[in-house]
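Note sheet for the following structure.
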Amino acid sequence: MERNPRPRDLKEEVLNLKEQPGSNILVLGSGELVRTLMKHDLVDEFRIMIFPFIRMSGKRLFTDNIKTMSLKHVYTKALHSGAVELTYRPSKEDNVFHQGSD
């Protein structure tokens, strides 16, 4: 795979990777990549960490210009630090997709 594949090539590359034997594909800290994967319906599971502090600024993972997606709660794990890990999967059977405005 080349270093910076074009978006349409990214979908093909991810589909190829998903068919190969091995572990899950994990994305950490790249909101732009996650949004691109969501746009192409390539995300099988979301693991979202909530930390026990409030930050008044920062980058948003889910921006206004992504489609609305119904999620099914799969698992919750409370960590000793006070953080919580939430696991969700896209709910394929009842998803209603809406493209957000730019």
Side-chain angles (χ1 to χ4, degrees):
M1 188 161 99
E2 61 187 72
R3 281 187 98 84
N4 295 311
R6 294 183 307 258
R8 68 172 182 242
D9 295 336
L10 178 67
K11 181 178 180 178
E12 294 171 23
E13 290 295 331
V14 171
L15 289 172
N16 288 335
L17 284 172
K18 289 173 83 169
E19 290 185 10
Q20 295 178 18
S23 298
N24 297 327
I25 301 168
L26 179 64
V27 176
L28 295 172
S30 178
E32 184 176 344
L33 177 56
V34 170
R35 288 187 295 276
T36 300
L37 295 173
M38 288 174 66
K39 179 179 176 183
H40 294 290
D41 198 27
L42 294 171
V43 177
D44 298 318
E45 185 173 273
F46 293 92
R47 292 189 187 178
I48 300 171
M49 301 283 294
I50 299 175
F51 295 91
F53 64 89
I54 297 174
R55 184 173 176 173
M56 302 310 285
S57 64
K59 293 182 180 180
R60 294 176 55 192
L61 175 58
F62 304 111
T63 58
D64 292 336
N65 62 350
I66 62 170
K67 61 186 175 184
T68 299
M69 177 183 293
S70 297
L71 301 174
K72 179 180 179 185
H73 177 252
V74 177
Y75 183 73
T76 299
K77 180 179 180 181
L79 306 174
H80 292 290
S81 66
V84 179
E85 178 185 323
L86 302 169
T87 303
Y88 292 92
R89 292 192 183 124
S91 181
K92 303 283 186 191
E93 59 276 350
D94 66 350
N95 254 340
V96 177
F97 296 105
H98 302 283
Q99 186 68 32
S101 60
D102 288 324

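- The neighbour count for Lys18 NZ, taken as heavy atoms of other residues, nucleotides or ligands under 6.0 Å away, is above 12.
- Ile25 CD1 to Gln20 CD: the interatomic distance, rounded to the nearest 0.5 Å, is 8.5 Å.
- Taking OG1 of Thr87 as the start and NZ of Lys72 as the end, the distance is 13.0 Å to the nearest 0.5 Å.
- Under the side chain to side chain donor-acceptor pair (under 3.5 Å) criterion, Thr76 pairs with His73, not counting sequence neighbours.
- Rounded to the nearest 0.5 Å, atoms CG (Leu71) and CD1 (Ile48) are 7.0 Å apart.
- Sparse packing is recorded around CG of Asn24, with 12 or fewer heavy atoms of other residues, nucleotides or ligands lying under 6.0 Å away.
- Shown here for Ser81 and Pro52, the closest heavy-atom pair between the two residues is O-CG, 3.9 Å.
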If you apply the rule side-chain contact (heavy atoms from CB on, under 4.5 Å), what do you find for Leu10 with Leu33, and how did you get there? CA-CA 10 Å; Leu10 178 67; Leu33 177 56; 3.8 Å; yes
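- Cluster membership for Leu15 and Val34, using ILVMFWY side-chain heavy atoms within less than 4.5 angstrom, is shared.
- The minimum heavy-atom distance between Met49 and Leu79, with the atom names listed, is CE-CD1, 3.4 Å.
- The shortest side-chain heavy-atom distance between His40 and Val14 does not fall under the 4.5 Å cut-off.
- Closest approach of Val43 and Pro90 over heavy atoms only: O-CG, 3.3 Å.
- Linking ILVMFWY residues whenever their side-chain heavy atoms come closer than 4.5 Å, directly or via other members, leaves Val74 and Val84 in distinct clusters.
- Across all their heavy atoms, Arg89 and Asp44 have their closest contact at CG-O, 3.5 Å.
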Evaluate side-chain contact (heavy atoms from CB on, under 4.5 Å) for Met69 paired with Tyr88, printing each intermediate quantity in order. CA-CA 11 Å; Met69 177 183 293; Tyr88 292 92; over 6 Å; no
Check the pair Tyr75 / Glu45 against side-chain contact (heavy atoms from CB on, under 4.5 Å), numbers first and verdict last. CA-CA 11 Å; Tyr75 183 73; Glu45 185 173 273; over 6 Å; no
